[in-house]
Every structure is written in C-alpha cells, then in structure tokens.
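This report concerns only the one structure given below.
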Amino acid sequence: MTITPVESIMATNPEHARLPVDPEFHYGAAFANGQYCDITKATVPLLDLGFNQADAAYDVVSVSKGYFFRLEDHLDRFDSACEKFLLTNPYSRQETIDILSELVRLSGTREAYVWWAVTRGLLRDSTRRTDPASYDHAFYAYAVPYKFISNDEQRARGIDVYVSKRYIRIPSKAVDPTAKNFHWMDLKLSLFEAGAAGKEWSVLCDQDGYLTEAPGTNLFIVKNGQVFTPGTGCLEGITRKSALELSRELGYPTWAAKVHVEQLYDADEAFMTSTAGGIMPINTADGHVLGGADGPGAITTRLHNLYWEKRWAGWHGTPVNYQRQRTA
Ligand SMILES: Cc1ncc(COP(=O)(O)O)c(C=O)c1O
C-alpha cells in the first residue's frame, strides 16, 4: 500500500473544487471588529492584548468536500480553552458556527482552513488589571483555501525531523498546552534550529526528555504493532483523537502515555497529526531511519489513507451552510 496523493486529488477532482467566488474574497474571508471583509484587509487594534501579549485562545477546524470535520469537538476544545484562560466568547455557540459557516461560504471554499480566536481585547481601566471582567474580549475569525503543511511528496517519502537540543516545550505549569494558545516561540525557534541542521521539522521534548509535540502537530510512534502518543504536555489534538480512533478500528492497541525520545529513535514507525496536514509520516528522527528502511511504515500508511477515505465519505462531518446567513 502506498500513501494516497490526497493533495493532488483535492486539486484536480471536481468534488473538491472551489465554488464561484466574489473576487473580493479570492484570498479568503475574515470576520474582525464585527464585520466580514476581505482577509487581506482585516485588522487587529494594536492595543488588543491578543496581539501584544499573546493573550488569547484559538482553534482551527478544516472543511473538506464542503463538510466541517469534527466541528463539535473543535468547539468543545475552544470552550474549554476559553474557560482555562478566563476568556468569554462574545458569541454563542450557534453564532460562532454561523460566523464560521458564513466565512466558508464567502470564500467559496469546499476545502478550507477555518481559524477563530477570542482575545483578551482592550483593558477599560488600567488600574483594574486583576479583574478579568475589566477587559472587552474580542472575536476574530477567517477562512482560507486549505493548504497542506506537508505536501504529497513529503508524506509519500516521510519527513526528516530534528529533536530540538536547544529548546523544550513550554512547561504545562507555565502555559497549559491543552488550551490552544498563541505561545509559539519555542515551537517556531525549534523549527529554525531544525532548518539550520538541514531537517524539515522539529520535535520538542519536556525537560526530562519525554516527547511533547511539534510545531502545529501531535506526535505518534508505532512499536511492535502498538500505537503510542504522549499523554501530557501537548495539545489534545483533534487529528490525534481521530488517529487513536482509527488505530483501534484497525485493531492496533493505543496508549496515551509518556514516550521518551529514545523510544522515537527506536520506533518501527512514527508520524505527526494536524488539522493542517492530516497524518504525516516521519522517515528519520535525528538521522535514525525508523524501522530500518526509508519511507512511511505500513501502519502509518493505512492510517493516513483511512483518515482521508473516511473523511471524504462524511465521517464526523457537518455540512457547511452555503446559503447566505447573516451580514454583520
Ligand atoms: C501545538 C500544537 N499541537 C498539536 C496540534 C494538532 O492539533 P489538531 O489535530 O487539533 O489540529 C496543533 C494544531 O495546530 C498545535 O498547534
């Protein structure tokens, strides 16, 4: 079995094609400051604390063939992130769904990447910083055509990752990684470190050498037919959840537990998961060729292909409402 070239299928099969779109929304549609607009024109006030203090919760859901994937799971995770960060979404769940749906409709996308955030917004009275109620929380969202963070070629051959020597993932007691947040500097700088080492992706451990996650992705290893993912220190990814479900469906035992970096080097297979890329095989980790042979492993390949096969058949799908809903 080989890795299905899903990116090229999406680009060529009419079932995935973009709908007619107003040229204004060619690059995508945004919702900011209570208005829908061209994404290239959307602005954030400089005093919004989401912008200048990374004080926000966010989430990203994908759309394929005109269906949101696991929308309720993403909304639940977002609500929980807001609760953990003492943020209040100014919009109800239904209003949030309507805005996300309207953004997809405006951008004419049937394959979309849909992002939204609630920021701390503006502080009304600078002497009342200790009171969470003294901030006007703000909501932003956008929908753009779906872009893979790893392309067909990378997924077909497997990605060469670099385990950061310089950075650890920000500890959970500093910023809770289960609440999706804007603290990306450790992830970002580790990517540049990996690039300088000639690798295409980075992996971050905790201070004791246990795997946490990677920039924009969760991590998995496969050993002796069993599937392992770090249980703590990472975002509880929705694609991770899907990969765990699919593994069980295929009869592979799964574990969400501590995974040491040495277990990655010694793994039969490994892969990353993300809304922005699905299931992404790892080929080497710090030069260790996983499973002793180049290319994605058999279990990773099955999971990769099943993930897209099921999604395209409507698995956990919520249809986007392509009828005009509201104007802000
Ligand atoms: C830090 C981090 N970990 C993991 C993930 C994967 O999560 P999901 O599968 O929900 O996209 C993301 C997604 O952006 C992320 O930012």
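What's counted below: heavy atoms across the whole structure, side chains too, no hydrogens, waters or symmetry copies. Whatever order the structure lists ligands and atoms in, that order sets their numbers, starting from 1.
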Using a 4.0 Å cutoff against the non-hydrogen atoms of [X], which atoms of ligand 1 qualify?
X    : result
T275 : 8 (P), 9 (O), 10 (O), 11 (O)
W184 : 16 (O)
G237 : 7 (O), 8 (P), 9 (O), 10 (O)
T273 : 6 (C)
E213 : 1 (C), 2 (C), 3 (N), 4 (C)
K180 : 12 (C), 13 (C), 14 (O), 15 (C), 16 (O)

Original post:
Ignoring hydrogens and geometry, is there a side-chain-to-backbone donor-acceptor pair from E95 to S92 under 3.5 Å?
Top reply: yes

Does [X] have its ring centroid less than 6.0 Å away from the ring centroid of [Y]?
X    : Y    : result
W308 : F148 : yes
F25  : Y27  : no
Y146 : Y113 : no

For [X] and ligand 1, does the shortest N/O to N/O distance drop below 3.5 Å?
X    : result
R240 : no
H74  : no
I238 : yes

Original post:
Are any of the heavy atoms in K241 under 4.0 Å away from ligand 1?
Top reply: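 Heavy atoms of K241 never come under 4.0 Å of ligand 1.
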
Students often mix this up, so state it plainly: with edges at 30° and 60°, are the rings of [X] and [Y] parallel, tilted or perpendicular?
X    : Y    : value
W255 : F228 : parallel
Y58  : W115 : tilted
H316 : F69  : perpendicular

Original post:
Which residue and non-hydrogen atom of the protein lie closest to atom 5 (C) of ligand 1, and at what distance in Å?
Top reply: G216 O, 3.4 Å

Original post:
To the nearest 0.1 Å, how far is atom 9 (O) of ligand 1 from its closest protein heavy atom, and which atom is that?
Top reply: T239 OG1, 2.6 Å

**OP:** Mark yes or no: R105 above the aromatic ring of Y322, with NZ or CZ under 6.0 Å from the six-membered ring centre and no more than 45 degrees from the axis.
**Re:** no

